[in-house]
Trainee: 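My questions will all concern the structure given below.
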Amino acid sequence: MNDTMHAVRVYGPGDYRYEEIPKPECPDGGLLVRVAACGLCGSDLRTLRYGHRKVHFPWVIGHEITGRIVENRIRGENPWDEGLYLSVPPVVYCGTCEFCRKGVPELCLNYKEIAQAWPGGFAEYIALPPEIIQNSAIQPLPEGSDPEISTLAEPLSSCINAMEKGNVGRGDTVVIMGAGPIGALHLELARTRDAGKVIIADISENRLDTIRNLQPDAVINAARKNIVKEVREMTEGAGADVIITANPVPETQVQAVEMAKKGGRILLFGGLPKNNSKPGIDTNLVHYNALHLIGTTIFAPRHHQEALKLLASGEIHARKIISHTLPLTDFDKGVKLALEGKARKVVFKP
Ligand SMILES: [Zn+2]
Ligand SMILES: [Zn+2]
């Protein structure tokens with residue numbers, strides 16, 4: 001067989017090409033999926049610009065994937081009928097470490113990711129070998145799902161995990177630092193959890209403008225205003241119950257601690273640059289105000305299930321978060337729009 005398909009391959013920092021490459025074969029014991037849609041993630045942009053230690057070029061990236069099963073070579077009875085639409089989350093747990101065995105796979109010691117260990121979704125087809133079928137959270141799209149909207153399931157799953165660990169709930173005043181797609185998802189999610197006031201802060205007037213269509217209770221331009229003072233004023237001096245840092249800027253973690261209410265929770269959602277990850281947090285504030293600094297990364301299958309349900313039900317206003325849907329031939333255009341801050345969420349349809 002020498003079938004080909006179209007895909008975007010990354011050759012190095014700043015060098016990516018839309019080209020014809022061999023179409024993968026359906027793996028023995030696995031599935032072949034026709035990609036329906038694949039979202040462009042902030043981490044993809046980082047890999048496109050700087051490379052990634054786990055990505056060996058040339059490589060197909062893209063990890064916010066939905067698609068339709070076109071071939072099934074799993075032996076015996078299985079639920080994966082041809083024609084079925086799937087959400088294909090990138091995380092593949094090891095299934096054997098202490099945490100996987102204890103039922104907290106979000107702490108898996110050896111997880112691998114699609115688009116790193118296996119080729120990703122900026123391609124017409126993706127092969128899912130048995131290891132992925134058995135140890136990932138892939139599942140059929142729920143009734144009423146849109147494959148394009150469902151690409152948000154991956155980032156949303158991480159947000160759900162963070163909010164669960166931070167126990168975000170009824171009446172909480174939540175400050176989200178970062179008005180990008182992740183900030184927008186946190187805002188929508190906070191609403192589904194009956195948060196009280198949701199305040200969004202960012203240094204980009206552009207991003208703040210676009211997030212206004214989701215109607216946050218307040219927005220703060222952190223480039224122009226003292227955000228700690230603003231949040232204190234908005235909360236009668238008490239501070240916020242929950243602060244989520246959805247950005248890569250170290251200073252925001254310092255500010256988060258300064259604007260927290262006594263007993264408040266700070267969700268460190270965005271990672272920092274690896275050579276600049278020790279911001280000067282006043283740990284006396286953490287101590288005397290009994291604050292909770294909470295780190296989370298990835299998610300468990302149950303978070304992914306919840307994400308798909310929320311997206312299918314329309315509770316998360318995905319159409320207001322996805323700003324551009326483009327054919328894969330327009331990959332370069334989509335990347336540039338995202339890098340220039342002119343797009344919120346870009347989804348490609350290969
Ligand atoms: Zn992502
Ligand atoms: Zn594990």
Side-chain angles (χ1 to χ4, degrees), residues 8 10 35-50 52 54-55 59-67 87-123 126 131-138 147-162 178 180-186 188-189 244 246-248 269-271 296-304 307-308 310-311 316 318 321-325 331 334-335 338-339 343-348:
V8 170
V10 190
V35 177
C38 185
L40 179 67
C41 180
S43 69
D44 294 329
L45 291 174
R46 262 198 311 280
T47 303
L48 289 170
R49 291 169 87 182
Y50 310 115
H52 188 289
K54 287 185 181 166
V55 174
W59 197 248
V60 179
I61 62 169
H63 62 263
E64 302 178 352
I65 306 167
T66 59
S87 170
V88 184
V91 182
V92 180
Y93 313 96
C94 79
T96 54
C97 74
E98 175 192 347
F99 299 104
C100 282
R101 282 185 282 119
K102 274 204 307 213
V104 278
E106 64 267 45
L107 300 180
C108 177
L109 295 173
N110 314 302
Y111 72 90
K112 295 192 278 189
E113 290 189 42
I114 293 174
Q116 294 175 2
W118 301 271
F122 293 137
I126 180 168
E131 187 182 352
I132 295 179
I133 313 282
Q134 283 148 23
N135 290 322
S136 86
I138 57 163
E148 190 187 318
I149 282 174
S150 303
T151 58
L152 290 177
E154 188 266 344
L156 184 58
S157 303
S158 297
C159 297
I160 292 171
N161 181 25
I182 292 290
L185 287 172
H186 275 303
E188 290 281 285
L189 202 51
I244 303 169
N247 69 73
F269 190 86
T296 54
T297 180
I298 71 165
F299 52 85
R302 71 173 192 285
H303 303 120
H304 181 242
L308 285 174
L310 283 172
L311 290 165
I316 301 286
I321 295 174
I322 297 171
S323 58
H324 295 75
T325 302
F331 188 77
V335 167
L339 284 177
R344 177 182 282 161
K345 188 72 182 176
V346 180
V347 174
F348 292 104

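Note that ligands are numbered from 1 as they come in the structure, with each ligand's atoms numbered from 1 the same way.
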Trainee: So which protein N/O/S atoms does the Zn ion (ligand 2) have within less than 2.8 Å?
Mentor: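 Near the Zn ion (ligand 2), the protein supplies Cys94 SG, Cys97 SG, Cys100 SG, Cys108 SG.
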Trainee: Does the side chain of Asp44 come within less than 4.5 Å of Val335's, by heavy atoms?
Mentor: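 When only atoms from C-beta onward are counted, Asp44 and Val335 do not touch, as no gap falls below 4.5 Å.
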Trainee: For the Zn ion (ligand 1), which protein N/O/S atoms are closer than 2.8 Å?
Mentor: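 Protein N/O/S atoms under 2.8 Å of the Zn ion (ligand 1): Cys41 SG, His63 NE2, Glu64 OE2, Glu154 OE1.
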Trainee: Taking His304 for its side chain and Ala137 for its backbone only, find out whether a donor-acceptor pair lies under 3.5 Å.
Mentor: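 Yes: the side chain of His304 pairs with the backbone of Ala137.
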Trainee: Looking at Arg101 and Thr96, would you say the former's side chain and the latter's main chain have a donor-acceptor pair under 3.5 Å?
Mentor: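 Yes; at least one donor-acceptor contact below 3.5 Å.
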Trainee: Please identify each residue that fulfils ring pair (Phe, Tyr, Trp, His ring centres under 6.0 Å) with Phe331, with sequence neighbours left out.
Mentor: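 Counting only residues at least two positions away or on another chain, Phe331 forms a ring pair (Phe, Tyr, Trp, His ring centres under 6.0 Å) with Tyr16, Phe122, Phe348.
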Trainee: One pair to check against side-chain contact (heavy atoms from CB on, under 4.5 Å): Phe269 and His186. What are the steps and the verdict?
Mentor: CA-CA 10 Å; Phe269 190 86; His186 275 303; 3.5 Å; yes
Trainee: With sequence neighbours left out, what residues match Gln116 under side chain to side chain donor-acceptor pair (under 3.5 Å)?
Mentor: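 By the side chain to side chain donor-acceptor pair (under 3.5 Å) rule, Gln116 matches no residue at all.
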Trainee: Donor-acceptor pair, distance only, cut-off 3.5 Å: does the side chain of Lys345 make one with the backbone of Leu40?
Mentor: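 Yes, because the side chain of Lys345 sits within donor-acceptor range (under 3.5 Å) of the backbone of Leu40.
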Trainee: Regarding Glu113 and Lys54, does a basic nitrogen lie under 4.0 Å from an acidic carboxylate oxygen?
Mentor: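 So Glu113 does not pair with Lys54 through a salt bridge.
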Trainee: Evaluate the criterion side-chain contact (heavy atoms from CB on, under 4.5 Å) for residue pair Glu106 and Phe99; output intermediate values, then yes/no.
Mentor: CA-CA 8 Å; Glu106 64 267 45; Phe99 299 104; over 6 Å; no
